[in-house]
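The next block holds one structure in the form of structure tokens; read it before the comments.
One-based numbering, in listed order, for ligands and for the atoms of each. Only this structure's heavy atoms are used, side chains among them; waters, hydrogens and symmetry mates stay out.
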Amino acid sequence: MSKPTTQTLPDIFESFSDARKQGFIAMKNLKEQGKGVVGTFCTYVPVELFLAVGLIPVGLCSTSDETIGEAEKVLPRNLCPLIKASYGFAAADKCPYMYFSDLVVGETTCDGKIKMYELLGKIKDVHVMELPHSQDKPSSRALWMEEIKRLKTRVEEKFGVTITEEKLRRAIKERNKERALLKKLYELSVMTPPPFFGLQQLQILFGTQFKFSHEQKVKELEGTISSITNEYENGKRPVSANAKRIIVTGCPTGGVTEKFTRVIEESGAVVVAYENCTGAKQFDRQVDESADPYEALCDYYLNIGCSVMSPNPNRLELLGRLCDQFKADGVLEMVLQSCHTYAIESHTIGEFLKTRNIPFMSLETDYSTGDTEQLKTRAAAFIEML
Ligand code: BJ8
């Protein structure tokens with residue numbers, strides 16, 4: 001492990017919380033050095049294909065309501081805010097990451113995104129991956145494999161590079177290393193009491209995607225884990241041992257939807273884990289380093305337990321495992337407005353958790369802050385009855 005960082009914990013948390021903004025300058029510098037940038041929206045996109053040839057992947061899912069008004073000039077109002085914000089930032093030219101992206105890679109996850117990509121294609125160079133919506137059929141796997149190979153060809157043609165097996169294996173190893181460190185970090189909250197609040201955990205998980213150097217990221221994460229562990233061993237207990245332990249599930253969180261974690265923790269509970277694309281859904285598993293790299297990527301990504309899959313047993317498997325591991329007192333789900341797949345799957349999640357005697361509540365929200373008080377009232381009532 002690298003030498004522990006000399007920064008204090010508040011400095012470290014601040015650096016992750018500020019990472020999205022700080023990353024703008026880092027990316028500008030990288031562009032000036034001639035680096036290619038690929039913007040993505042979804043956990044299903046196999047970023048190892050970009051990392052293998054030195055391209056920089058960056059998440060474009062915009063997480064504020066700043067440009068939703070702009071998006072609504074073209075898109076319907078009753079659409080998922082994540083989709084509206086993503087398009088809005090491109091249309092208003094207000095997201096530096098979108099601006100710097102030479103290629104944007106979308107995926108056919110949900111209907112809203114599929115149709116939004118058509119419009120985005122008029123503004124940016126967009127490549128859309130055809131994602132099957134089931135994981136158990138040979139035809140789904142065959143389609144996904146074909147799509148990964150089609151993306152490889154597109155990247156090679158667009159950037160004039162060759163993705164060799166050797167480079168791909170190296171990228172898989174590097175990405176696995178980052179996943180393992182992030183998992184190690186959030187698993188610190190297995191302890192009672194956890195060594196940090198769920199808001200701090202979220203800021204690290206969300207912020208880390210805007211740190212673009214693998215070596216630097218590894219060093220910072222190792223330093224962060226070591227600082228948190230040291231402080232805990234020295235008796236620091238920022239979270240009360242009586243705080244109810246909550247797992248957050250549902251749509252991706254971060255940016256303005258930090259409000260979801262805030263209302264939970266302001267009610268006296270602590271978020272110990274995120275069963276969503278900002279957390280465990282992204283970092284829980286590893287890409288098999290011993291297999292053929294394309295087969296390994298195909299299996300890894302196809303098996304992500306998102307509600308766009310039908311059926312979606314992998315979400316239940318992960319959620320159940322996290323509930324046991326983190327000794328959850330309750331599960332709260334965040335569903336973004338008009339996200340049909342997560343909204344419908346709520347029922348299945350509730351039934352599944354009932355069999356384990358774990359209280360569950362699903363709450364709908366959007367990217368405004370107007371519903372914060374209402375969310376707080378409902379979260380507080382849920383926590384009160386645990
Ligand atoms: S793998 S969670 S990042 S699709 S955009 S489905 S909120 S209506 S984001 Fe997601 Fe990939 Fe799944 Fe993860 Fe609903 Fe909105 Fe669609 Fe959304």
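Proximity of C42 to ligand 1, defined as any heavy-atom pair under 4.0 Å, is shared by backbone and side chain alike.
No hydrogens or angles considered: nothing links the side chains of Q203 and E14 as a donor-acceptor pair under 3.5 Å.
Every atom of ligand 1 is numbered from 1 in the order shown, and the set under 4.0 Å from a heavy atom of T43 is 3 (S), 11 (Fe), 13 (Fe). Close approach of ligand 1 to Y44 (heavy-atom distance below 4.0 Å) involves ligand atoms 1 (S).
Evaluated for a side-chain hydrogen bond (donor to acceptor under 3.5 Å, both in side chains) with D102, the options K31, K158, K35 yield exactly one hit, K31. Of the residues listed (M334, K259, E258), the one engaging T253 in a side chain to side chain contact (heavy atoms under 4.5 Å, CB included) is M334, and it is the only one.
Here the heavy atom of the protein found nearest to atom 13 (Fe) of ligand 1 is C277 SG, 2.3 Å. Shortest contact from atom 12 (Fe) of ligand 1 to any protein heavy atom: C306 SG, 2.3 Å.
Take a cut-off of 2.8 Å around atom 14 (Fe) of ligand 1: the protein N, O or S atoms inside it are C339 SG.
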For ring pair (Phe, Tyr, Trp, His ring centres under 6.0 Å), just list the numbers for F206 and F16, CA-CA rounded to whole Å, side-chain angles, deciding distance to a tenth of an Å, and then say yes or no. CA-CA 8 Å; F206 182 74; F16 279 101; over 10 Å; no

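Without hydrogens or angle criteria, T249 side chain to E275 main chain gives a donor-acceptor distance under 3.5 Å.
Smallest separation of non-hydrogen atoms from F196 and S189: CE1-OG, 2.9 Å.
Both tests hold for R237 against Y232: distance to the six-membered ring centre under 6.0 Å, angle to the ring axis within 45°.
Note: the hydrophobic cluster containing Y117 does not contain Y44 (ILVMFWY, side chain heavy atoms under 4.5 Å, direct or indirect links).
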